[in-house]
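Everything on this sheet refers to the single structure shown next.
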Amino acid sequence: MPEISPEIAVASLTPEQAAAELAALAEAIARHDRLYHQQDRPEISDAGYDALVRRNAAIEARFPELRRPDSPSSRVGAAPAAGFAKLRHAVPMLSLGNAFSEMEVGEFVARVRRFLNLGEGDPLDFVAEPKIDGLSCSLRYQAGWLVLAATRGDGAEGEDVTANVRTIAEIPQRLPAGAPEVLEVRGEVYMLRDDFLEMNRRRAEAGEAVYANPRNSAAGSLRQLDPKVTATRPLRFFGYAWGEVSAPLATTQWLARQRLAEFGFRLNEPARLCASADQLAAYYAEIGGRRSDLRFDIDGVVYKVDSLELQRRLGFVSRAPRWAIAHKFSAEQARTRLERITIQVGRTGALTPVAELAPVTVGGVVVSRATLHNEDEIQRKDIREGDTVVVQRAGDVIPQVVEVILGERPDGSLRFVFPDHCPECGSLAVREPGEVVRRCTGGLICPAQAKERLRHFVSRDAFDIEGLGEKIIAAFWDDGVVRTPAEIFRLAERDRASLTPLRAREGWGEKSARNLFEAIEKRRAMPLERFIYALGIRQIGQATAKLLARSYLTLAAWRAAMAEAADRDGQAYRDLTNIDQIGPAVAEDLLAFFSEPHNLAVLEDLAREIEVQDFVPLQAQASPVAGKTVVFTGTLETMSRGEAKARAEALGAKVAGSVSARTDFVVIGADAGSKAAKAQALGVTTLTEAQWLQLIGV
DNA sequence: TCCCCTCGAGTTCA
DNA sequence: CTCGAGGGGA
């Protein structure tokens, strides 16, 4: 049995004794943390606790190689991280659908009942809980130890904040016996309002910038590069969901919550089990009434189907579960004067009206601009320059103009006339019939569009060149330093010969210039899908770019196919439109891009500067369906069509929408229609769902 | 032909 | 985050 023996001098410990004592200390400190922070039942004095922490630190200093991965000292004073590494979630972290009215909640309940085929009398329970305004986080425990913590990020990939999360006292470093071998606990990192105010007070005293609200404060505190700083912030955590688990937690959401509590997590309270839409509405009203009494900020409540079995049956739509919904409180609003309406020109030439507002605080943030979306929106709300308007932040983020206070409209104000010429290049701006946006026809001659295209090219999801932001791109373009993507890659070379090198520019130095050149060099090799996306072809976003990369595999093959597809009656065109999700409209935009000589020249030039890497399907080599074209038809039993498609693509297959002689497999579900017949007529291999699953090894 | 869903393109502020 | 439009299943 390992012992904590403070009486033995650290210097005289053997390595074996030290290791045993470190293990005992880790356990003891974790236990006292739990007692103190979660159960408010400390068993030792603060001084006694400090002695344990100091003893641990002393032993670690003497035997650094024995430092444990779960060392209590990593909670405080861990070395600063150099930025945050990306971390892929084992199970994606989803977002929630929103309801803003009782009616929408009623529809949600009805939708769930319909989906599950429930009759009038069949019971259906929901868990209702407050929706904390914090920052979602996923905590991964293995063999009971906290091993990883990640922010939500885009849902698929977040940031590794393990070191910072270890400093949050309320989060158990270790789970009690009986917890699953693998458990990802999901919840919200947040700050109590009182703690937030106190912290701001002290920051103000120290002359430091204060945070706008508890949410920003929690986010800012968790994303500190130095965990020591995070450790000084009063962060807390509520657990309310889970990701990967090696064993089911419970049979219902309600009981799963109790399990989380047993593991030492604080739960978001007050929660309630509700049996009907009426009870949900009552809960909503009650929480809404008590909102200001709660010790933390909430932006609504969440309803979840209680039965985990029913949750499984309901499944997901896109990135949100069908079995849960957030019922939001109405957003905080503010009145301000709309000074002017300006027009911005986007990469595709779209003219977007933006409201320039007299700065006003909404939801703790000063807002001075808000999008007006488009021409129709302005007409619909009859928004005029000089009006007093009501502003709110949609989803508490993006500012929007809700309405005009007509009573305060100044005399002699005029309806806003949307320009029919581009404010940047003067070209005609036209609105295609049936479309809402008005677009500048300047195309290649419009400097605003050119800059936006360049900005898109270097943006995060495209070439991601660090140090080449919006401002710098615009300045480079204006001065003629960089006008095309390829010129970015010739920048360093040209700079050496230049009479006015970068380092001589205002705001630039030797070091910043070198850093930029290095960042550019790092991007000379680029995966095909990113390359296609970076080109900024209309309607070709990330998803479609990846689809094209998967279908054509190499830059050469893609370019050749696009050239050939100019013949709308040819095979190449049929292949293109036969890619699932690519129809005639998308095909036309692609072909329009390739029929423009300027674009071909830019592409050619760029291809000389960089290496475009062939598309690499995941697990491609091993799978018998890699490189094959598959068509799904009819209703699949074991998974949704979207899931089947994702599975097939993950194995390197291409999923097509219709059957042709080039199709390798047609997977036939229940009630299949003409596609099955066509497959037979063409002699294409058909598979039942079971055969398909066997083929891909499920 | 009509929905439903997904995707793209636009947006703000710290 | 929101809106509009394209794609495709029903």
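Within every chain, numbering begins at 1; the chains are lettered A, B, ... in the order of the sequence lines, protein sequences first and strands thereafter.
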Pick out which of A:Arg215, A:Lys131, A:Arg193 makes a salt bridge (charged side-chain N to carboxylate O under 4.0 Å, His left out) with A:Asp297.
A:Arg193

From C:dG8, C:dG6, B:dG8, pick the nucleotide closest to the side chain of A:Thr544?
B:dG8

Please confirm whether the shortest side-chain N or O distance from A:Thr352 to OP1 or OP2 of B:dA9 is below 4.0 Å.
no

According to salt bridge (charged side-chain N to carboxylate O under 4.0 Å, His left out), who are the partners of A:Arg530, at least two apart in sequence or on a separate chain?
none

Could you tell me whether A:Gln344 contacts a base, only the sugar-phosphate backbone, or nothing, with contacts defined as non-hydrogen atoms closer than 4.0 Å?
sugar-phosphate

Choose from C:dG4, C:dG7, B:dA9 the nucleotide whose nearest atom is closest to any side-chain atom of A:Arg538.
B:dA9

Starting at the 5' end of DNA chain B, which residue's closest nucleotide do you reach first, A:Ser368 or A:Thr348?
A:Thr348

Nearest-neighbour nucleotide for the A:Val367 side chain, B:dC13, C:dG8, B:dG8 considered:
B:dC13

Run A:Glu356 and A:Arg369 through side chain to side chain contact (heavy atoms under 4.5 Å, CB included) and show every step you take.
CA-CA 5 Å; A:Glu356 308 282 349; A:Arg369 294 159 64 87; 3.0 Å; yes

Under 4.0 Å between any heavy atoms, over every strand shown, what does A:Val437 touch: base, sugar-phosphate, or nothing? Just pick one.
nothing

Is the phosphate of B:dA9, meaning OP1 or OP2, less than 4.0 Å from a side-chain N or O of A:Arg347?
yes

For A:His456, ring pair (Phe, Tyr, Trp, His ring centres under 6.0 Å) partners two or more places apart
A:Tyr533

Tell me which nucleotide among C:dG8, B:dG10, B:dT11 gets nearest to the side chain of A:Thr371.
B:dT11

